[in-house]
2 protein chains.
Amino acid sequence: MTRAPKVVLIRPVQPAPVRATRCSACSTRTICMPPGLTVDDLAKLDSIICSTRSVKRGETLYRSGYAFQSIYAVRAGSFKTVVMHRDGREHVTGFQIAGESLGLDGVCAGHHNWDAIALEDSVVCIIPFAQLEALCREMKSMQHHIYQMMSGEIVRESSQMMLLGTMTAEQRVATFLLNLSLRFKARGFLDAEFHLRMTREEIGCYLGMKLETVSRMFSKFQREWLVHANGKTIRIVDAEALARV
Amino acid sequence: MTRAPKVVLIRPVQPAPVRATRCSACSTRTICMPPGLTVDDLAKLDSIICSTRSVKRGETLYRSGYAFQSIYAVRAGSFKTVVMHRDGREHVTGFQIAGESLGLDGVCAGHHNWDAIALEDSVVCIIPFAQLEALCREMKSMQHHIYQMMSGEIVRESSQMMLLGTMTAEQRVATFLLNLSLRFKARGFLDAEFHLRMTREEIGCYLGMKLETVSRMFSKFQREWLVHANGKTIRIVDAEALARV
DNA sequence: CGCCTGATTGAGCTGCTTCAACGGCTGTGG
DNA sequence: CCACAGCCGTTGAAGCAGCTCAATCAGGCG
């Protein structure tokens, strides 16, 4: 958990392997991009999103303080985003799975405010923000889509604030599992059984509780036949009851 | 605290008194709008922001479920934004003072997700979002400004998540007071002495604690000569010590 | 095989909540 | 003008949800 102290505020994005790709041929386009794009629109998209980047498990996609140039779409794998206070306090602000976006925290100040760390070997599409902005000025649907993405992030964060501010540990864990389940479902994965890529400690750090409490809640749900948890493999047995917790 | 249950999801924005105004002549323009606007830019702005609205203390500017049409800039007064869970749980997601924005939560789904309630008699500028989007397509500086505003909201919310997830009650209240102080200062008000427009209960609801705990922390800070609190009037006596809490 | 990380479970502690009482301020109506 | 109701804030006492500390175990990897 210890890391070199943050001293340099603005650093260039570290060099990384890139690889040609095409949005027009991407199967997760329907998730990242606005619907109803014309062939013309797709060509424009392809012209700005021309590279991907692989990030190995535990490595950072970007760190707080790095100069902001691009946003990212998770193409495969998953990430956590972590804010860090000067006193060393850490908080996980979110987990991102395939089809979700990363990096919007950087627009505001021109440098990133969080660390984004891969939970498993992952691949992201790199979307240069300046070029995306230019594209938005000529493509109304794309413009609106970006506003919606950012607003969606704001709304998601506000529900997380409500979770942190008003729910018991039991309710937080239940909400977390149901939310993950929904997101897996939306991306065509199984919603009743899935594999957690994060540790109990990371879950706790996201939900504002200690890892022991997370573990106890998992055990409790198991005793009550709501969830079957075997290490990182989770099977949701009774989603309705879980939602009523 | 009781309210009529929310049944209709999409309702038109309620009729409201409007009044002609001009961004070009507004003293808080430097806070709401990007810097370096030309006379031409200002004329364009004036053409879309042509009305204000007064909201009396306790009244809502908009409610969760209302159709989203505009964002708002607080011109005078202050607001709280409240998310409500189906089970009646309420959480204050933020307080907005003069020069700050409201309503970005609506872009995502086309209807608002929160209630925005005036803490005192207040006035907002109404900025029709569709027209703003159009303006952004031709004005690069404005486009970037809106992205920055939204990203800033995302970053702010993430610090609030960290606060809720990792800090003790004492640290939360200290952080809250220092944050308010900074915002007042940025707007040209006194930063060492100010008047809280919200009740202890609303503060508690924002900080994820009970009103009694908020009150106890105020008393504690007073005993320790960090803050002088007389009802809603707050004087910050030792800001450095408060930051070290 | 042995080491290390991550997960589980128990026992005791504590910070915040709950419940309750009370005092001050404000607005209202006689 | 005063009396009174209702809200807001403060403070105390007791309870409990989640934390801390600690021991144990399982799985992965060199």
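So you know, we letter chains A, B, ... as the sequences are listed, proteins then strands, and number each from 1.
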- Query: Going by heavy atoms closer than 4.0 Å, what residues in residues 171-180 of chain B are next to DNA chain C?
  - Reply: none
Write down the protein N/O and nucleotide N/O pairs, taken from nucleotides 4-7 of chain D, whose separation is under 3.5 Å; answer none if there are no such pairs.
none

- Item | Between D/dT11 (P) and B/Phe218 (CZ): distance, integer Å | 12 Å
- So, do A/His85 and A/Glu90 sit near enough that their side-chain heavy atoms are less than 4.5 Å apart? no
- Query: How long is the line joining CE of B/Met167 and C1' of D/dC19, in whole Å?
  - Reply: 18 Å
- Rounded to whole angstroms, how far apart are CE on B/Met209 and P on D/dG9? 15 Å
- Message: Counting the benzene-type ring for Trp, do B/Tyr62 and B/His112 have ring centres under 6.0 Å apart?
- Response: yes
- Note on the structure: For A/Cys108 and B/Ser151 the tightest heavy-atom approach is N-OG, 2.9 Å
- Query: Any Lys/Arg nitrogen of A/Glu201 or A/Lys210 sitting under 4.0 Å from an Asp/Glu carboxylate oxygen of the other?
  - Reply: no
- Item | Pair A/Glu240-A/Arg244, salt bridge (Lys or Arg N to Asp or Glu O under 4.0 Å): steps then yes or no | CA-CA 6 Å; A/Glu240 283 76 26; A/Arg244 276 195 308 270; over 6 Å; no
- Query: Would you say B/Ile154 and B/Arg156 make side-chain contact, with heavy atoms under 4.5 Å?
  - Reply: no
- Query: Going by distance alone, is a donor N or O of one side chain under 3.5 Å from an acceptor N or O of the other, for B/Tyr72 and B/Gln96?
  - Reply: no
- Message: Among residues at least two apart in sequence or on other chains, which ones pass side-chain contact (heavy atoms from CB on, under 4.5 Å) with B/Asn230?
- Response: B/His228
- Message: Less than 6.0 angstrom separating the ring centers of B/Phe79 and B/Phe95, yes or no?
- Response: no
- Integer-rounded Å distance: D/dG18 P and A/Lys220 NZ: 10 Å
- For the residue pair B/Thr93 and B/Thr81, confirm or rule out a side-chain donor-acceptor distance under 3.5 Å. yes
What does the list of N/O pairs under 3.5 Å between the protein and nucleotides 20-25 of chain D look like, with a distance for each?
{"residue": "D/dT20", "atom": "O4", "partner": "A/Arg216", "partner atom": "NH2", "Å": "3.1"}
{"residue": "D/dC21", "atom": "N4", "partner": "A/Glu212", "partner atom": "OE2", "Å": "3.2"}

- Message: Below 4.0 Å from chain B heavy atoms, what is the first contacting nucleotide of DNA chain C and what is the last?
- Response: C/dC16 to C/dC19
- Query: Counting any heavy atom closer than 4.0 Å, what does A/Lys232 reach on the DNA or RNA strands: base, sugar-phosphate only, or nothing?
  - Reply: sugar-phosphate
- Message: Can you list everything that forms a side-chain contact (heavy atoms from CB on, under 4.5 Å) with B/Arg200? Sequence neighbours excluded, please.
- Response: B/Leu196, B/Leu211, B/Val214, B/Phe218
- Side-chain touch B/Leu61/B/Leu102, heavy atoms, less than 4.5 angstrom: yes
- Is B/Lys56 salt-bridged to B/Glu120, cutoff N-O under 4.0 Å? no
